[in-house]
Amino acid sequence: MDKQKIKDAINNLLQAIGEDPSREGLIDTPDRVARMYEEILAGYNDDASIHLSKTFNVQTSDIVIEKDIMFSSMCEHHLMPFFGKIHIAYIPNGKVVGLSKLARCVETYARRLQLQEKLTREICEAIMTHLKPIGAIVICEAEHTCMTCRGVRKMGSKTITYSVLGNMPQSDIDKVFRLIKE
């Protein structure tokens, strides 16, 4: 990430909206914004395969569900935040991953410029690729500030996306949706 280019861009943005970048409250803003982007877009320097490589052998194929993994991301259309929770369920095929690793996988993809639909699918594909489960489902519920703070301004509206890969029977999908509502 080129922090100087970000600082220059923010300085130009401040001037373009009619602000004085040299006034007291804005002097350090370009640097703060550059550091912010370095933090919230850190997923470009992360690899989900590292997090999902620490597995444990199991003899069961019972569904594993990790629900309410809170996340925030940046919409690639408006560069505005969206946030919510992700639920992950998979049917192991001889191995499971540590539960914190699922949350780390979410962070890897959430800390990039994103579309919610793409985020949901990328997480599901990573789980299928690296854990090789029988099947997986990822459900994402999010509030988009590009809908709540601008445009239609519908506070509290949520978007739900889900991705199902592998052999996930409909009865298991229904069970997962019931359990995440609890």
Side-chain angles (χ1 to χ4, degrees), residues 1-54 66-88 97-131 136 138-163 180:
M1 190 167 298
D2 189 331
K3 286 174 71 172
Q4 188 56 52
K5 281 187 178 179
I6 295 170
K7 289 192 235 181
D8 293 343
I10 296 304
N11 192 49
N12 288 334
L13 175 66
L14 290 170
Q15 290 175 33
I17 63 173
E19 271 292 353
D20 175 7
S22 65
R23 78 171 170 84
E24 182 181 1
L26 296 176
I27 290 172
D28 294 326
T29 297
D31 186 58
R32 282 192 293 269
V33 172
R35 285 185 280 120
M36 175 195 69
Y37 278 124
E38 189 173 52
E39 178 184 340
I40 65 176
L41 297 175
Y44 290 111
N45 298 318
D46 200 358
D47 185 349
S49 67
I50 294 167
H51 305 301
L52 298 175
S53 66
K54 179 65 175 163
E66 180 75 13
K67 71 179 218 170
D68 297 337
I69 302 169
M70 303 305 286
F71 78 95
S72 62
S73 191
M74 289 287 280
C75 169
E76 66 183 38
H77 290 161
H78 297 98
L79 298 182
M80 292 186 73
F82 67 98
F83 56 90
K85 53 190 170 182
I86 290 180
H87 317 286
I88 298 172
V97 68
L99 297 177
S100 69
K101 305 308 183 196
L102 294 173
R104 290 186 190 282
C105 177
V106 168
E107 287 300 303
T108 296
Y109 293 106
R111 291 186 177 267
R112 299 175 183 184
L113 294 179
Q114 276 293 7
L115 297 175
Q116 180 176 335
E117 300 86 345
K118 182 179 162 196
L119 172 65
T120 306
R121 184 63 171 212
E122 285 178 333
I123 295 166
C124 200
E125 287 174 348
I127 290 165
M128 288 302 292
T129 298
H130 302 294
L131 299 184
V138 174
I139 304 162
C140 180
E141 302 175 57
E143 186 170 327
H144 294 252
T145 60
C146 60
M147 276 196 54
T148 61
C149 297
R150 57 158 302 279
V152 295
R153 297 181 189 205
K154 296 300 176 195
M155 299 300 284
S157 63
K158 295 224 169 53
T159 301
I160 299 172
T161 54
Y162 70 96
S163 179
I180 65 167

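With a 4.5 Å cut-off on side-chain heavy atoms, E19 and L26 count as touching. Using a 4.5 Å heavy-atom cutoff, the side chains of R150 and M80 are in contact. Side-chain contact check for T108 versus D47: every heavy-atom pair is 4.5 Å or farther apart. You'll find the side chain of T129 stays beyond 4.5 Å of the side chain of L52, heavy atoms only.
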Give the intermediate values and the outcome of side-chain contact (heavy atoms from CB on, under 4.5 Å) for residues T120 and I139.
CA-CA 7 Å; T120 306; I139 304 162; over 6 Å; no
Test I123 against C105 for side-chain contact (heavy atoms from CB on, under 4.5 Å), laying out the working first.
CA-CA 7 Å; I123 295 166; C105 177; 4.3 Å; yes
Determine, stepwise, if the pair V138 / T161 fulfils side-chain contact (heavy atoms from CB on, under 4.5 Å).
CA-CA 8 Å; V138 174; T161 54; over 6 Å; no
Between I160 and E141, is the side-chain contact (heavy atoms from CB on, under 4.5 Å) condition met? List the steps.
CA-CA 4 Å; I160 299 172; E141 302 175 57; 3.9 Å; yes
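A salt bridge does not link R111 to D46: none of the charged side-chain nitrogens sits closer than 4.0 Å to a carboxylate oxygen. Under 4.0 Å is where a charged nitrogen must lie from a carboxylate oxygen, and between R35 and E39 no such pair does. At a threshold of 4.0 Å, the pair E117-R121 does not count as salt-bridged, since none of the basic side-chain nitrogens sits closer than that to a carboxylate oxygen.
The aromatic rings of F82 and H144 sit parallel to each other, their planes meeting at less than 30°, with 60° as the upper class boundary.
Annotation: the span from M36 atom CE to L41 atom CG amounts to 8.0 Å, rounded to 0.5 Å. Note: I88 CD1 to C140 SG = 10.0 Å, rounded to the nearest 0.5 Å. One finds the OG1 atom of T159 at 11.5 Å from the CG atom of L115 (value rounded to the nearest 0.5 Å). Separation of atoms CD1 (I69) and CZ (R104) is listed at 12.0 Å; rounding is to 0.5 Å. The line from CE of M155 to OG1 of T148 is 5.0 Å long, rounded to the nearest 0.5 Å.
Of the possible donor and acceptor atoms, one in the side chain of D2 sits under 3.5 Å from a partner among the backbone N and O of K5. Counting only distance, with no hydrogens or angles, the side chain of Y37 and the backbone of A42 share no donor-acceptor pair below 3.5 Å. No donor-acceptor pair closer than 3.5 Å links the side chain of T29 to the backbone N or O of I10. Between the side chain of T145 and the backbone N or O of P81, at least one donor-acceptor pair lies under 3.5 Å. At distances below 3.5 Å, at least one donor-acceptor pair connects side-chain atoms of Q114 with backbone N or O atoms of Y109. Between the E38 side chain and the K3 main chain, no donor and acceptor come within less than 3.5 Å of each other.
Applying the ring-ring contact (aromatic ring centres under 6.0 Å, His included) test to Y162 and every residue at least two apart in sequence or in another chain returns F177. Considering only residues two or more places apart in sequence or on other chains, N12 meets the side-chain contact (heavy atoms from CB on, under 4.5 Å) condition with none of them.
Tested against L102 for a side chain to side chain contact (heavy atoms under 4.5 Å, CB included), the candidates E107, H51, E66, H87 yield a single pass: E66.
Pairing each heavy atom of A136 with each of I127, the nearest pair is CB-CG2, 4.0 Å. The heavy-atom pair separating S157 from M147 by the smallest distance is OG-CE, 3.6 Å. The shortest non-hydrogen separation linking C75 to C146 is SG-SG, 4.3 Å. Across every non-hydrogen atom of R112 and S73, the tightest pair is O-OG, 3.3 Å. Here the closest non-hydrogen pair linking L79 and M74 is O-CE, 3.2 Å. Listed here is the closest heavy atom pair of Q116 and A142: OE1-CB, 3.4 Å.
Counting non-hydrogen atoms of neighbouring residues, nucleotides and ligands closer than 6.0 angstrom, the CD atom of E24 reaches no more than 12 such neighbours.
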